[in-house]
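Per chain, numbering begins at 1; letters A, B, ... match sequence-line order. What you see is a predicted model; the values in this text were computed from it and never measured.
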Amino acid sequence: MPANVFLGACLPKLSRVAVCGGTHGNELSGVYLIKELMKRRREADDEEQPILVLSNPRAAQQCLRYIEVDLNRCFSHDALNAPLSDSAPYEVIRSREINAVLGPKGSADSVDFICDLHNTTANMGLCFISCSDSDWISLHIFKYLQLCIPDIPMRYLHFDLSHDEAYSLDSVGKHGFAMEVGPQPHGVVRSNVYTTMKTALELVLHWIRLFNCGTVFEGGPVDVFTLVKHVDYPRDCSTHDIVAAIHPLLQDKDFCLLNPGDPVFQTFSGETITYNGSESLYPFFINECAYYEKGIAFSLSRKSRVNVPSLRANRDQSR
Amino acid sequence: MDHVFFPAFSRVAISGGTHGNELSGVHIVREMQKHNVNQMGSLSVCPILSNPRSIEVCRRYIDTDLNRCFTDALLSTPLTDSSSCELRRAHELNALLGPKGSDRAMDLVCDLHNTTSNMGLCFIIDFLDWILLHMVKYVQIKMPTAPIRVINTNVASKSLSYSVDSVAKHGFAIEVGPQPHGVLRADIYNMMKEAVDHTLDWLNKFNAGTTFEGDKVEVFVWEKSVDYPRDPETSQLTAVIHPKLQDNDFKLLQHGNPIFKTFTGETVNYEGEDLYPFFINECAYYEKRIAFHLAKKETIAFPPISVKKE
């Protein structure tokens with residue numbers, strides 16, 4: 001076999017790239033980062049940059065997660081194609097606008113790549129959240145960041161959904177992920193969290209430039225955390241109010257292996273409730289503020305190793 | 001200092017959810033209500049959720065900050081159809097726990113709060129009140145490893161006191177952080193609950209005739225507040241709390257120390273008198289134009305006290 005045959009994956013260049021922030025209006029790193037990038041673009045008058053989107057401007061203006069419904073649950077194929085009623089919530093209307101600009105999802109016209117910026121109150125460090133564990137673009141970007149900023153704790157989270165079923169904004173593009181940084185209270189900007197997100201985003205965009213220029217990225221293993229299930233708080237049967245808090249020994253221990261019998265909740269009268277699953281799993285989104293109303297105290301994942309092939313951009317492309 | 005006598009405490013209120021998304025207090029009060037706590041020793045205890053509507057939607061407030069509605073002026077202004085939800089509630093609470101300034105008012109109101117700032121456990125008082133200083137000292141001794149401090153808001157007069165606890169004869173807030181709003185942390189809940197329990201214990205001991213010896217306590221006295229650098233046209237933030245100031249509540253801030261970092265990476269330094277910062281990066285204060293407060297530290301001596309026997 002000739003020595004110069006490339007055995008890895010070849011994917012089309014990422015010509016159209018979008019960065020979104022403020023999909024949740026009170027997750028402020030993304031809100032301020034998008035505003036800062038937009039300001040710099042106005043001053044530099046530079047067109048050669050990613051599409052910048054402040055996803056939920058009304059929610060950002062009021063510093064709320066959303067006005068009527070969670071925007072980041074509006075982007076499944078079914079939700080985007082359902083008939084739009086006159087009384088559709090603000091976020092549903094907004095999701096159609098975003099889909100028109102960055103999509104349509106599933107079509108050839110959709111942008112090549114979306115990075116959607118988020119914060120969490122959970123102690124998760126930097127996380128990539130994707131609906132695929134075989135999107136080589138996203139996995140290579142993750143590997144690249146691990147190499148460039150090894151001191152920042154980072155993980156790749158996989159929610160096992162088909163592209164059509166995926167409901168988050170980043171699924172509108174052909175490739176993409178949400179970039180989640182925590183812990184940060186909603187409505188607060190912490191300098192270190194902002195800096196982490198800014199640095200990470202710059203590296204993401206830098207990787208894309210390198211990729212588009214023909215760089216060959218060597219493959220290798222990446223640990224991926226795949227969502228298995230969510231666990232809710234113990235609640236009062238009649239009022240549905242929570243009757244316990246995340247146990248102090250679980251609080252802030254995102255991605256530390258949770259074993260059967262480990263404490264998970266502490267009731268208001270001081271009793272400990274333990275994890276009664278049969279499998280040791282990795283918890284994340286532990287005590288995320290926005291998830292109380294979704295019935296999620298924490299989520300559990302399985303860790304697996306994905307072998308990512310070497311990757312380079314297709315050479316014979318008209319665009 | 002001469003021994004001071006105070007009447008016994010008979011009616012005390014513990015209020016939570018004055019800000020609906022500060023969850024420790026909401027759950028402490030709910031727990032007390034669930035167990036029908038209305039008597040603890042010699043005390044008649046009223047656990048009360050101050051702002052139920054904002055608790056329901058887990059927001060700080062519906063129309064306006066409830067904890068700014070209790071000045072004499074606001075409480076005496078007649079309500080109209082356009083009065084805010086919170087002003088109406090303030091009038092209701094004043095009738096229930098007050099009236100402020102009258103003899104029928106609660107002997108004590110302890111109002112429970114959380115902050116996103118790294119402030120540990122703070123007793124917030126409007127005036128130097130010997131009862132409250134003794135109570136704090138007692139809690140500090142009972143919780144020796146907890147970071148417990150006293151803040152004197154230094155408000156000019158009782159009539160200008162704006163918080164719900166100002167309705168009582170003796171009122172204070174317990175503020176515990178850091179905790180994100182809308183989140184309940186077990187460690188923060190436990191710390192606050194323990195402080196409330198010790199507070200009620202102290203009141204019972206006081207009522208039983210214990211003499212509490214004079215002592216002194218460190219108090220942080222509010223001096224001024226500092227806003228974020230903002231864009232003059234849009235009023236949007238142009239900088240955030242500097243990493244060297246973030247989480248360093250109550251550590252002396254000196255002239256020349258970094259306080260802000262702009263979004264383009266420049267450092268802004270503090271200019272002024274050496275003071276102690278607190279409420280650094282409190283979420284709810286962005287809209288109040290407060291990046292942090294500054295205080296002087298004073299040592300206050302207080303006299304021995306005991307209950308006035310009938």
Side-chain angles (χ1 to χ4, degrees), chain A residues 26 28-29 31-33 35-37 39-40 43 60-65 119-122 182-195 198 233 236 239 241-252 263-270 272 286-293 297, chain B residues 21 23-24 26-32 34-35 55-60 114-117 177-191 193 228 231 234 236-247 258 260-265 267 280-287 291:
Chain A
N26 56 5
L28 295 191
S29 306
V31 170
Y32 280 101
L33 193 43
K35 285 184 173 173
E36 193 56 26
L37 291 171
K39 184 171 161 198
R40 264 198 262 155
E43 286 162 3
Q61 209 263 326
Q62 296 185 49
C63 199
L64 294 169
R65 180 178 177 84
N119 291 117
T120 173
T121 57
Q184 180 172 267
H186 298 316
V188 162
V189 198
R190 285 182 68 98
S191 182
N192 58 336
V193 171
Y194 180 86
T195 300
K198 181 168 187 282
Y233 291 95
D236 179 290
T239 63
D241 290 335
I242 62 172
V243 296
I246 294 285
H247 195 279
L249 291 174
L250 177 61
Q251 180 67 54
D252 301 333
V264 287
F265 296 115
Q266 185 177 84
T267 69
F268 295 127
S269 34
T272 294
I286 299 172
N287 210 348
E288 162 52 49
C289 174
Y291 288 179
Y292 283 56
E293 70 177 19
Chain B
N21 56 4
L23 297 190
S24 309
V26 170
H27 289 284
I28 284 174
V29 167
R30 273 202 185 138
E31 234 358 62
M32 291 174 87
K34 198 163 145 186
H35 293 110
I55 293 169
E56 178 73 37
V57 290
C58 198
R59 299 228 182 126
R60 183 177 176 83
N114 291 115
T115 173
T116 56
S117 306
Q179 179 172 269
H181 297 317
V183 162
L184 183 72
R185 285 184 66 104
D187 52 358
I188 299 287
Y189 175 91
N190 293 340
M191 198 190 318
K193 179 152 193 307
Y228 292 96
D231 180 293
T234 62
Q236 300 238 337
L237 264 53
T238 54
V240 297
I241 296 287
H242 195 279
K244 289 212 164 94
L245 178 61
Q246 180 68 53
D247 301 334
F260 298 116
K261 187 166 168 184
T262 69
F263 290 118
T264 43
T267 293
I280 299 170
N281 210 349
E282 161 53 49
C283 174
Y285 287 179
Y286 283 48
E287 70 175 18

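In terms of heavy atoms, A/Pro248 sits closest to B/Asn190 at CG-ND2, 4.4 Å. Here the shortest heavy-atom pairing between B/Leu184 and A/Ile242 reads CD2-CD1, 3.9 Å. Minimum heavy-atom separation, A/Lys198 to B/Phe263: CE-O, 4.1 Å. Taking both residues in full, the closest heavy atoms of B/Glu31 and A/Ser269 are given as OE2-N, 4.3 Å, listed atom of the first, atom of the second, then distance. Minimum heavy-atom separation, A/Cys63 to A/Asn26: O-CB, 3.6 Å. Between A/Leu250 and A/Ile286, the shortest heavy-atom distance links the atoms O-CD1, 3.5 Å.
Heavy atoms closer than 4.5 Å to chain B are found in the side chain of A/Asp252, but not in its backbone. The contact between A/Tyr194 and chain B is made entirely by side chain atoms (from C-beta outward), counting heavy-atom distances below 4.5 Å. Contacts of B/Gln236 with chain A are made by side-chain atoms alone, with heavy-atom separations under 4.5 Å and no backbone atom involved. For A/Leu33, no part lies near chain B; criterion is any non-hydrogen pair under 4.5 Å. For B/Ile28, no part lies under 4.5 angstrom from a heavy atom of chain A. In this structure, the portion of B/Ile241 lying under 4.5 Å from any heavy atom of chain A is its backbone and not its side chain. Of the atoms belonging to B/Val240, it is side-chain heavy atoms, and not backbone ones, that fall under 4.5 Å from chain A.
Annotation: the span from A/Tyr32 atom OH to B/Thr238 atom OG1 amounts to 9.5 Å, rounded to 0.5 Å. Rounding to the nearest 0.5 angstrom, the gap separating the NZ atom in A/Lys39 from the NZ atom in A/Lys35 is 11.5 Å.
Of all the listed residues (A/Glu288, A/Gln251, A/Gln184, A/Glu293), the one sharing the greatest number of non-hydrogen pairs under 4.5 Å with chain B is A/Gln251. Contact count versus chain A (heavy atoms, under 4.5 Å) is highest, among B/His35, B/Lys193, B/Lys34, B/Gln246, for B/Gln246. For chain A, the option among B/His242, B/Arg30, B/Lys261 with the highest count of heavy-atom pairs below 4.5 Å is B/Arg30. The residue among B/Arg185, B/Arg59, B/His181 with the most heavy atom pairs within less than 4.5 Å of chain A is B/Arg185. Interface check for chain B: of the options A/Ile246, A/Asn192, A/Asp241, the most heavy-atom pairs under 4.5 Å are formed by A/Asp241. Looking only at heavy-atom pairs under 4.5 Å with chain A, the residue among B/Asn281, B/Asp187, B/Thr116 that has the most is B/Asn281.
B/His27 and B/Tyr189 have their aromatic ring centers separated by at least 6.0 angstrom.
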